[in-house]
Amino acid sequence: MNERLSLEFYLRDVLEVAPELLGKPLVRQFADGSQKQYMITEVEAYRGAEDLACHAAKGRTPRTEVMFQEGGKVYVYLIYGMYWLLNLVTGEEGYPSAVLIRGIDGFSGPGRLGRELQLDKSFYGENLQASPRLWVENAKPVTEYKTSKRIGIDYAGEWANKMWRFYL
DNA sequence: CGCAAGATTGGC
DNA sequence: CCAATCTTGCGT
């Protein structure tokens, strides 16, 4: 059961991938050799260039480039100058979509999560299949989860009302 | 080249 | 309620 999620897992529609990531172990191998696992408890889906809440809505830029690529990669970015948010890119090449990891077991909030995992710019584009320091493993699907509107994107108009937040 | 604002958090 | 802190995208 301790195998990494397959590339195929990430290549599906982000709205399928996001809820299935709940309950999966996020594994972080730190620079000092120690390793920790965190169960994913909360995620949000960001889907396509039309989704105004998605950073890729502003076009293909150096910052959003990785979201346009094939799934199975990491998209990290600095928000408010202090917090690194972790996203997992999904879908086929050319269709920008990603899952924001908002919460892991024991920690609440995407910013605190990034601090715990000691994320930084070097994780941008990290390949979850090949990375020696960050990946997600398979586990039994969760039987029950909740949905709600996404957090902190009121500027996105009607897109802010999408029930694209999934949590345990 | 300057500037405003952001998928947040914690302190006043 | 608001500052912290810095990258990005867009306007000048």
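Letters go in sequence order (proteins before strands), and every chain restarts at 1. Because only heavy atoms are used, hydrogens play no part in the values below, and waters and symmetry mates are left out as well, while side chains stay in. Computed from a prediction, not measured in an experiment: that's the story for all the values here.
Between A/Glu42 and A/Arg165 there is a salt bridge, since a side-chain N of the basic residue sits under 4.0 Å from a carboxylate O of the acidic one. In this structure, A/Arg12 pairs ionically with A/Glu20, as a charged nitrogen and a carboxylate oxygen lie closer than 4.0 Å.
Aromatic ring orientation, A/Tyr145 versus A/Phe166: perpendicular (interplanar angle above 60°, classes split at 30° and 60°).
The side-chain tip of A/Arg133 points at the ring of A/Phe123 from less than 6.0 angstrom away and within 45° of straight on. A cation-pi geometry, defined here as NZ or CZ lying under 6.0 Å from the six-membered ring centre and within 45° of its normal, holds between A/Arg63 and A/Tyr77.
Between A/Phe107 atom CZ and B/dT9 atom P the separation is 13 Å, expressed in whole Å.
Here the shortest heavy-atom pairing between A/Pro19 and A/Val14 reads CD-O, 4.5 Å.
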(message) Strictly under 4.0 angstrom, non-hydrogen atoms only: write out the protein contact profile of nucleotides 4-12 of chain C, one letter per nucleotide from the 5' end, B, S or -.
(response) BBBSSS---
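Cluster partners of A/Leu7, by chain and number: A/Leu11. The rule joins Ile, Leu, Val, Met, Phe, Trp and Tyr whenever side-chain heavy atoms lie under 4.5 Å apart.
In this structure, A/Arg115 does not reach the B/dT9 phosphate: none of its side-chain N or O atoms is under 4.0 Å from OP1 or OP2. Taking side-chain N and O atoms only, A/Arg102 has a distance below 4.0 Å to OP1 or OP2 of B/dT8.
Using a 4.0 Å heavy-atom cutoff across all strands shown, A/Ile153 reaches sugar-phosphate atoms only and no base atom.
Paired regions of DNA chain C, where each region holds three or more successive Watson-Crick or G-U pairs whose two hydrogen-bonding distances fall under 3.5 Å, are B:1-6 with C:6-11, B:8-11 with C:1-4.
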